[in-house]
Amino acid sequence: MRTSQLYAPTLREVPAEAEVISHKLMLRAGMIRKAAGGLYTYLPLAWRTIKKIEQIIREEMDSAGGQEIAMPIVQPSELWKETGRWEVYGDEMFRVNDRHGREFCLGPTHEEMVTSIVRDEVRSYKQLPLMLYQIQNKYRDEIRPRFGLMRGREFIMKDLYSFDKDEEGMRVSYKKMYDAYTNIFTRCGLTFRPVEADNGAIGGGGSHEFTVLADAGESSIAYCEKCDYAASDEKAELKAIHAVQEEALPLEKVATPGTKTIALLADYLKIPVEKTIKAVAYQTETDEVVLAFVRGDHEVNEVKVLNSVGAIALRMADEAAIRAVGGEPGFMSPVGIKKGTKIVADATVMEMVNAVAGANEADAHYKNVTPKRDFGEVIVTDIRLVQEGDPCPRCGAPLKMTRGIEAGQVFMLGTKYSEALHATFLDESGKEKPLVMGCYGIGVGRTMAAAIEQNNDKDGIIWPRAIAPFEVVVVPVNAKVPEQLELAEKIYGELKAAGVDVLLDDRKERAGVKFKDCDLIGYPLRITVGPKAVEEGTIELRVRKTGETFNETKETYLAKAREILKTL
RNA sequence: CGGGGCAUAGCUCAAUUUGGUAGAGCACCUGCUUUGGGAGCAGGGGGUCGCAGGUUCAAAUCCUGUUGCUCCGACCA
């Protein structure tokens, strides 16, 4: 490929719409252009990288036993109604009607579709295990698309679905995928971490996120430096903290005017925040009120609350709903709440003695609240959000927190979808059983964005070799000088013949312009052909990542280029 | 959905407050010079000022509505 033929419109200035580095650089490097919120065109450079990432994924999926298929993007509503997700998905689903008024959606994911394919054909345990995957566009009408390709409404995703005869088989498939994912992200040259994750709305039990470490990431993970524990902030388990035991004193109501927040309360009563109990009120999708309580200095982990009450969705409760169960916004505690109200208390709270909690009336709190004695019937479990320094649930060492981009996630689904869609088979004893499923996704565009977030400097992108749009760029310093262009052409030809993915920057631009573009786009290796090459035979190799240059000859440059590429 | 901000040339922005024939830099085209880190000079092309109404002798500018984008929050398989 020649740059003079390549459609890669680079920008000197940053378009105002971009917020994060990967988005800015992809726009500036002429890789993507926006069509509408969360919808992008992939220009040639981006598409080459996408195809390289897809190829790595394909190779790893195939060698793990996966078979690639393509499924419809437009999917009939009937399937989604069978699993109930036609309603559950809500506004996030793009819906369309055909000319007859029949309902369809643009597939946000493909569990229903793939399961329906398999249920019609798989009858026997002899046909299992089966792993099918697709790399296709998926559609989610995100409330707030942002960060370029990181959170779009149309995005390229690889999804593999595994079907096994039992849970043991599913675990084997899961492990294969876990290992394949490790290979994929390693081959893409990314620094990442597999972390334990919550299954979320997709359901099932057991999940890992593959998180590419980057400050711009939307997910937060906790990890232990002492053992290998690592989990998403939603998932990170926390054991109860035992309070210093003291004698429980009798409950006492005190006036605490205007102390609607924990900070104000602790300050007013001159007590440490660790002696207070914080309340957060939620309502479920059915408007049922759920009250959650954590220690004053802790935060509530909504996902854990959600799981503890088995709800589908939670939102902050409105004041009327809080009052309806006998609570007072800003001054809530389980003490005196209407019987039958769902109350979830963090395990640490239950260890507290003589704490301060709301009195369920304005401007008043109780002193000497001892949850074990005073809370009555509550759900006790871990609902705390992990904080830096919290003890590791495995070894007790202080946890570290870092941010990352969730590039992939693997799930053990179990039989949730196969049961809903009646996808069954006959086992060895002739008994009908539901297929045991797993699903495994990778955001392809997001992986590309993550690679840029992790590999850039003030001049632009620094591609890992494996996913660079081109591995090498050959730059004649002045393409108007026939000798330089000829030599550059020769080198370009030799590299191509040697199987190197190479680009020739034959534009009749000034050297500075071409160098700036090369740095911006981020080709891992640049071979410069200037006057010195023509006159003295000196061919310059420059490594984008380090800025190192090597002076070689016509005879040695190829071997040196290969040697350098191996390290990038 | 709630709360901010923005919408003027391909890009980044000025002109809007105080109504009077729309500007700069970069990009683009032509010529000359230049040629190892986004060159110089000269000339040139390009905008119904997001859209629709209204006020006015006159609207990019004031008013109303509307659409889109963007940031914060809620949300996120």
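All heavy atoms count here, side chains included; hydrogens, waters and symmetry mates do not. Reminder, nothing fancy here: chain letters follow the sequence lines and each chain counts from 1.
- Taking atom C1' in both B/rG38 and B/rC26, the straight-line distance is 10 Å, to the nearest Å.
- Rounded to whole Å, the separation between the P atoms of B/rU56 and B/rA9 comes to 30 Å.
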Name the pairs: protein N/O against N/O of nucleotides 30-39 of chain B, kept only if under 3.5 Å.
{"from": "B/rU34", "atom 1": "O2", "to": "A/R510", "atom 2": "NH1", "distance (Å)": "2.7"}
{"from": "B/rU35", "atom 1": "O2'", "to": "A/N478", "atom 2": "ND2", "distance (Å)": "3.4"}
{"from": "B/rG36", "atom 1": "N2", "to": "A/E540", "atom 2": "OE1", "distance (Å)": "3.0"}
{"from": "B/rG36", "atom 1": "N2", "to": "A/E540", "atom 2": "OE2", "distance (Å)": "2.6"}
{"from": "B/rG37", "atom 1": "O6", "to": "A/R526", "atom 2": "NH1", "distance (Å)": "3.0"}
{"from": "B/rG37", "atom 1": "O6", "to": "A/R526", "atom 2": "NH2", "distance (Å)": "3.1"}
{"from": "B/rG37", "atom 1": "O6", "to": "A/R542", "atom 2": "NE", "distance (Å)": "3.3"}
{"from": "B/rG37", "atom 1": "N1", "to": "A/D519", "atom 2": "OD2", "distance (Å)": "2.9"}
{"from": "B/rG37", "atom 1": "N2", "to": "A/D519", "atom 2": "OD2", "distance (Å)": "2.2"}
{"from": "B/rG38", "atom 1": "O2'", "to": "A/R12", "atom 2": "NH1", "distance (Å)": "2.5"}
{"from": "B/rG38", "atom 1": "O2'", "to": "A/R12", "atom 2": "NH2", "distance (Å)": "2.6"}
{"from": "B/rG38", "atom 1": "O6", "to": "A/R28", "atom 2": "NH2", "distance (Å)": "3.4"}
{"from": "B/rG38", "atom 1": "N1", "to": "A/D517", "atom 2": "OD1", "distance (Å)": "3.1"}
{"from": "B/rG38", "atom 1": "N2", "to": "A/D517", "atom 2": "OD1", "distance (Å)": "3.3"}
{"from": "B/rA39", "atom 1": "N9", "to": "A/R510", "atom 2": "NH1", "distance (Å)": "3.4"}

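- Taking atom C1' in both B/rA27 and B/rG47, one finds a spacing of 15 Å when rounded to whole Å.
- Whole-Å rounding puts the A/F147 CZ to B/rC69 C1' distance at 15 Å.
- On the C1' atoms, B/rG23 is 24 Å away from B/rC69, given to the nearest whole Å.
- A donor atom on one side chain and an acceptor atom on the other are not found under 3.5 Å apart for A/E288 and A/T284.
- Taking atom C1' on both B/rC76 and B/rU18, the two are 48 Å apart, rounded to the nearest angstrom.
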Stepwise salt bridge (Lys or Arg N to Asp or Glu O under 4.0 Å) check, A/R315 with A/D287: CA-CA 9 Å; A/R315 61 173 200 277; A/D287 291 335; 3.0 Å; yes
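- Atom pair A/Y282:OH and B/rC75:P shows a separation of 8 Å (rounding to whole Å applied).
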Bracket string, RNA chain B, 5' to 3' - pairs by Watson-Crick or G-U geometry under 3.5 Å, | interstrand: (((((((..((((......[..)))).((((((.....)))))).....(((((..]....))))))))))))....
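- Across the protein-nucleic acid pair, A/L306 atom CG and B/rC75 atom P stand 10 Å apart, rounded to whole Å.
- Across the protein-nucleic acid pair, A/R144 atom CZ and B/rG2 atom P stand 15 Å apart, rounded to whole Å.
- Between A/E167 and A/R171 there is a salt bridge, since at least one side-chain N of the basic residue sits less than 4.0 Å from a carboxylate O of the acidic one.
- A/E209 comes within 4.0 angstrom of no nucleic acid atom, judged by non-hydrogen atoms across all strands.
- The backbone N or O of A/I383 sits less than 3.5 Å from a side-chain atom of A/D346, completing a donor-acceptor pair.
- Using a 4.0 Å cut-off between a side-chain N of Lys or Arg and a carboxylate O of Asp or Glu, A/K235 and A/D198 do not qualify as a salt bridge.
- Taking atom P in both B/rA60 and B/rA7, the straight-line distance is 15 Å, to the nearest Å.
- Using a 4.0 Å heavy-atom distance criterion, A/R315 is classed as making no nucleic acid contact.
- Salt bridge status for A/E68 with A/K158: absent, with no side-chain N to carboxylate O gap under 4.0 Å.
- The closest side-chain heavy-atom distance from A/I322 to A/V289 is not below 4.5 Å.
- Checked by atom type, the side-chain pair A/Q75/A/H110 shows a donor-acceptor distance below 3.5 Å.
- Within the 4.0 angstrom heavy-atom criterion, no nucleotide atom of any strand lies near A/V481.
- If you check every strand for non-hydrogen atoms under 4.0 Å, A/A16 touches sugar and phosphate atoms only.
- Between the side chain of A/E299 and the backbone N or O of A/L385 there is no donor-acceptor pair closer than 3.5 Å.
- Only the C1' atoms considered, B/rC6 is 16 Å distant from B/rC51, to the nearest whole Å.
- Taking atom C1' in both B/rG43 and B/rU55, the straight-line distance is 44 Å, to the nearest Å.
- Comparing A/E302 and A/V14 along RNA chain B, the residue whose closest nucleotide (by nearest heavy atom) sits nearer the 5' end is A/V14.
- Between A/E234 atom CD and B/rC75 atom P there is a gap of 11 Å when expressed in whole angstrom units.
- At whole-Å resolution of the value, NZ in A/K34 and P in B/rU70 are 4 Å apart.
- Side-chain proximity of A/R151 to B/rC76, B/rC11, B/rC75: nearest is B/rC76.
- Here A/R146 does not pair with A/E19 in a salt bridge; the nearest charged N to carboxylate O distance is not below 4.0 Å.
- A salt bridge links A/E82 and A/R119; the closest N-O separation between the charged side-chain nitrogens and carboxylate oxygens is under 4.0 Å.
- With rounding to whole Å, A/E19 atom CD is found 16 Å from B/rC69 atom P.
- At whole-Å resolution of the value, CD1 in A/I143 and C1' in B/rC69 are 18 Å apart.
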